[in-house]
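Whatever order the structure lists ligands and atoms in, that order sets their numbers, starting from 1.
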Amino acid sequence: MKTPSPIVIAIDGHAATGKSTQAKKLADHYQWIYIDTGAMYRAVAWVALQRGWIQGDVLDASTLIHHLNDIRLEFKHSSTHATSLWLNGRELQDEIRSMEVSQWVSRIAKIPEVRSYLVAQQQALGAHQDVIMDGRDIGTVVFPKATLKFYFTARPEIRAQRRLEELQVQQPDISFEEVLANVKQRDHLDSTREHAPLKQSEDAVLIDVSEHSIAEIFTQLCGHIDKALN
Ligand code: DC
């Protein structure tokens with residue numbers, strides 16, 4: 001008897017549209033494993049900062065590429081379906097969400113060797129278990145045959161306000177203008193890069209979160225999922 005393929009739900013879209021909030025809620029509801037692929041790119045950026053491969057405004061990309069295999073990432077269960085990201089045997093927390101990492105991560109994510117290193121791991125994670133994965137290229141590159149694809153968007157000002165509220169916990173003096181500039185810069189870098197740029201897959205369902213609450217979006221997503229799975 002043929003084993004049914006695992007379910008793969010892809011959520012792509014702009015930064016700070018609530019992809020991970022919804023993905024976690026859906027993972028919990030449908031008992032899938034949640035994989036935050038942005039955290040993997042952030043972890044690589046964090047390592048580059050820690051090891052001194054970034055000095056001032058300069059990234060030593062060839063040293064980073066040379067040491068990629070030393071960056072061992074693992075998702076471990078933190079509860080039944082929630083996962084946390086571990087780097088070389090150490091659990092990563094909010095350090096990968098700092099402004100410094102956010103400022104570098106798009107430059108790290110455009111390096112083809114970094115992408116192929118992480119994409120291979122993401123494909124392996126979704127090969128034998130039901131997953132919900134969020135990122136920028138899940139429906140276009142990582143799992144072009146995903147069971148269902150969503151593409152999230154919202155106005156930049158709304159996204160910057162969301163990120164500001166998250167960041168202010170760690171950095172109380174951060175300004176709205178600074179966060180808005182970072183959101184716009186990342187949109188630009190993510191959608192204009194040569195390899196796997198952020199774009200809506202033709203078969204993805206567009207979700208504009210600008211005017212809706214978390215609960216409303218969740219209901220909308222469940223409606224699409226229940227229809228696709230039944
Ligand atoms: O989702 P996030 O903001 O944590 O993602 C961090 C960065 O990583 C984002 O600027 C783009 C990049 N990224 C990517 O290129 N491909 C993915 N699948 C996920 C994230």
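Ligand 1 has at least one atom lying under 4.0 Å from a heavy atom of Arg115. Under a 4.0 Å heavy-atom criterion, Gln122 is not in contact with ligand 1.
Side-chain polar atoms of His77 and Thr83 form no donor-acceptor pair below 3.5 angstrom.
When only non-hydrogen protein atoms are considered, atom 3 (O) of ligand 1 lies nearest to Arg186 NH1, 3.0 Å. Regarding atom 12 (C) of ligand 1, its nearest protein heavy-atom neighbour is Ala109 CB, 3.8 Å. Atom 19 (C) of ligand 1 has its closest protein heavy atom at Thr37 OG1, 3.4 Å. Counting only heavy atoms of the protein, atom 1 (O) of ligand 1 lies nearest to Arg136 NH1, 3.0 Å.
Contacts with ligand 1 closer than 4.0 Å are made by no heavy atom of His195, backbone or side chain. In Met40, neither the side chain nor the backbone holds a heavy atom less than 4.0 Å from any atom of ligand 1.
Looking at Asp190 and Arg136, a side-chain N of the basic residue comes within less than 4.0 Å of a carboxylate O on the acidic one, giving a salt bridge.
Geometrically, ligand 1 and Ser106 share a nitrogen or oxygen pair separated by less than 3.5 Å. Any N or O atom pair closer than 3.5 Å counts here, and Tyr41 shares no such pair with ligand 1.
Under the ring pair (Phe, Tyr, Trp, His ring centres under 6.0 Å) criterion, His67 pairs with Trp53, sequence neighbours left out. For Asp57, the side chain to side chain contact (heavy atoms under 4.5 Å, CB included) partners two or more places apart in sequence, or in a different chain, are Trp104, Arg107.
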